[in-house]
Amino acid sequence: MKAWIKKTISALTAVMLLLACTVQAANFDVPEDAAGTDYADAARMLTALHIMDVDENGAFDGNAPLTRAQFAQTVVRLLGLEQIQYDSAGNASRTVADDWEGSGITAGGTVAEQIQYQDVPQAHWAYQFIEAASRLGFMSGDADGRFMPDANIMYQDAAVVLVKLMGFGPEAEYSGGYPSGYIKTAVKYELRMTGSPTAAITRGQLANLVYDALQADMNVQVGFGGDRIYRREKGHTMLTEYQKLRRAYGTVSGTLYTGLAAPGEKAAEGHIRIDGLEYTAAEGIDVSGLLGMRLRFYYKEDDGIRTLVYYETEAGDNRTFRIDPEDLIGYENERLSYYKDGREQKIAVPGTAPVILNEVYKDVARGIDFLAFRDRVGEIVLLDSDGDNRIDAVLIQSYQTYQVKNVDLTGQRIFVRDVTRDEAISVEQENGREVYLSVDMEEDGRICRIRKDGKAAELSAIGTGSIISVAVSENTADDIVTTVLVSAKTAKGILSQRTEECLTVGETSYPLLPRVYLDAKAGMSGTFYLDAFGNIAAFLSGEGDYEYGYLIDAAQEGTFSASALLRVFTKKRAAVETFSIPDKIRVTDTYSNAQASADGSVEY
């Protein structure tokens, strides 16, 4: 029953936890209600760039229509003319930029005189957006001086505005004018026209139109003077011309913890290196987990400072091959062998491919003993960043598993038991014996991250008995990065079946942590402790096997072959009783040898 349970029960939690530490596609999430739709990519980019919004519940609401007032705001945002202002209480309000009239962006060459629609008073929430969109020539009202701000914007009218924004208004007029000429021009330049021209456009349909228009090459003015010349210029898009963003491609070569080729090439906090150049990440952008990935990204540059605003991946790039360490066979002649679905597989891994172990550069592939990771929980990710069928980087997360005995909040230490050895062990030593993990967040040269239920957590969130999975970087030339995954999950019941690789508690089967020491036999009842990946890592017999009481005294019996005695006030019978204890007992779930000393006390 080779690990099928591990690959079904554990896989869901393992993938989520490991992705946070290895490779991720993008931290710009698709709004939940847009996932799986034909406008998912568009919704992700437009919400990331704040061109379109989600509601207070995080919903994109792609099937809802858009009013003309809402569309006017979208137009101003597309033009890069919206600004955010804050009041004394820190509340944000979005308005049109003060200098919008001098932006030089118009549909007709000049900014129109003041326009006052009879149905858009100055107190209207969208007054400034409607005024700017109208005076710049991208929207207009009817012959009676009404803008109709609450009416739905029609599909063809949205297409007209986008064609004008792209600079193809004159061509559309030549091709038939409103609306057919504009629709033809939109289709010609690959804008997705999927709805009825005279129907109200939905937010999802508009997202696709805007997404296509943002990235299409624009018609820009290249000749001036008496004869104005316009030409479609490659690389000149609404993103570059209106949003003032630059587009580039590159491979992430450095993050906070390490560089792709050496630890010293890491980036500063809140920064990222792409092909050796450093970029500041815009507010809200998580750039961890991108090491080695090839990105298409957009950034702004001001006074030599490059700010990353948005990124995504090209189709075919960043292909990953994921291997469970226990399936490894070996690495020889630049080929990594492993089992998949019971059959041996081989994949070419160049000896020069960099290996990132627990988020810090370790060595190149030829210098790594891959089999050393086979008995640990984790994952090996082989990354082909540019889609050329060659592995460009190897990313390994390898965890050691412990059960928490207690937590020292003052000293920032976790006292633990190594569940694979049934003894106390850790990274630090005290009186010659390894007994605790140091997780001091402030200590120089250490970076420690604690995660519980997939979220960042404090040391105080770790309870006695919890199972922690600990990954520690091994390149001592740089900061030591420690990742602690905390699990307080348990399974309680009778152990109905046990095999080498799994336990069945009641009717539910769980994978058994590799090499774990577990004193549990079929028929025993108790609490089974699970690690963050769903593996059973520890066991405590149930209350039916124990009688509880309060220890009053301890002494020795006999002179020559003394045994230990305990006087206990038993909870069940409410009486003081004397018990003779065996040579080996378990204290706080740790086995120790009991010895009677000369003064009659019992030492452990």
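Note that the coordinates shown come from a computational prediction; the quantities given were computed from them, not determined experimentally.
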(message) Measuring from atom CZ of Arg273 to atom NZ of Lys266, what distance do you get when rounded to the nearest 0.5 angstrom?
(response) 11.0 Å
(message) Can you give me the closest heavy-atom contact between Ala532 and Leu485, atom names plus distance?
(response) CB-CB, 3.9 Å
(message) For the CG atom of Leu260 and the CG atom of Leu383, what is their distance to the nearest 0.5 Å?
(response) 8.5 Å
(request) State the NE2-CZ distance between His124 and Phe147, to the nearest 0.5 angstrom. (result) 9.0 Å
(message) I need the Ser487 OG to Leu530 CG distance, nearest 0.5 Å.
(response) 6.0 Å
(message) With a 6.0 Å cut-off (strictly less than), is the heavy-atom count around CD of Gln116, excluding the residue itself, greater than 12?
(response) yes
(message) Testing the 3.5 Å rule here: is there a donor-acceptor pair between the side chains of Glu173 and Tyr178?
(response) no
(message) Could you check whether any side-chain N or O of Asn219 sits under 3.5 Å from a backbone N or O of Gly167, counting only pairs where one atom can act as donor and the other as acceptor?
(response) yes
(request) Could you tell me whether the side chain of Ile356 reaches within less than 4.5 Å of the side chain of Tyr257, counting heavy atoms only? (result) no
(request) Measure the acute angle between the ring planes of Tyr298 and Tyr310, then classify it against the limits of 30° and 60° as parallel, tilted or perpendicular. (result) tilted
(message) Are Met166 and Thr185 packed together at the side-chain level, in the sense that at least one heavy-atom pair is separated by less than 4.5 angstrom?
(response) no
(message) In the structure I gave you, are the side-chain heavy atoms of Leu395 and Thr320 within less than 4.5 Å of one another anywhere?
(response) no
(message) Closer than 4.0 angstrom, basic N to acidic O: yes or no for Arg246 and Glu301?
(response) yes
(request) Answer yes or no: is there an ion pair linking Arg68 with Asp119, defined by an N-O contact shorter than 4.0 Å? (result) no
(request) Check whether more than 12 heavy atoms from other residues, nucleotides or ligands sit under 6.0 Å from atom CD of Glu283, and answer yes or no. (result) no
(request) Keeping to residues at least two apart or across chains, list the salt bridge (charged side-chain N to carboxylate O under 4.0 Å, His left out) pairs with something in residues 136-155. (result) Asp142-Arg146
(message) Nearest 0.5 Å, please: how far is CG in Leu66 from CD1 in Ile153?
(response) 8.0 Å
(request) Could you tell me whether the side chains of Thr313 and Asn318 share a donor-acceptor contact shorter than 3.5 Å? (result) no
(message) Using only atom types and a distance under 3.5 Å, with no angle test, would you say the side chain of Glu278 pairs donor to acceptor with the backbone of Ile305?
(response) no
(request) Could you verify whether a donor N or O on one side chain and an acceptor N or O on the other, from Tyr39 and Thr202, lie under 3.5 Å apart? (result) no
(message) With rounding to the nearest 0.5 angstrom, report the CZ to OH distance, Arg306 to Tyr299.
(response) 7.0 Å
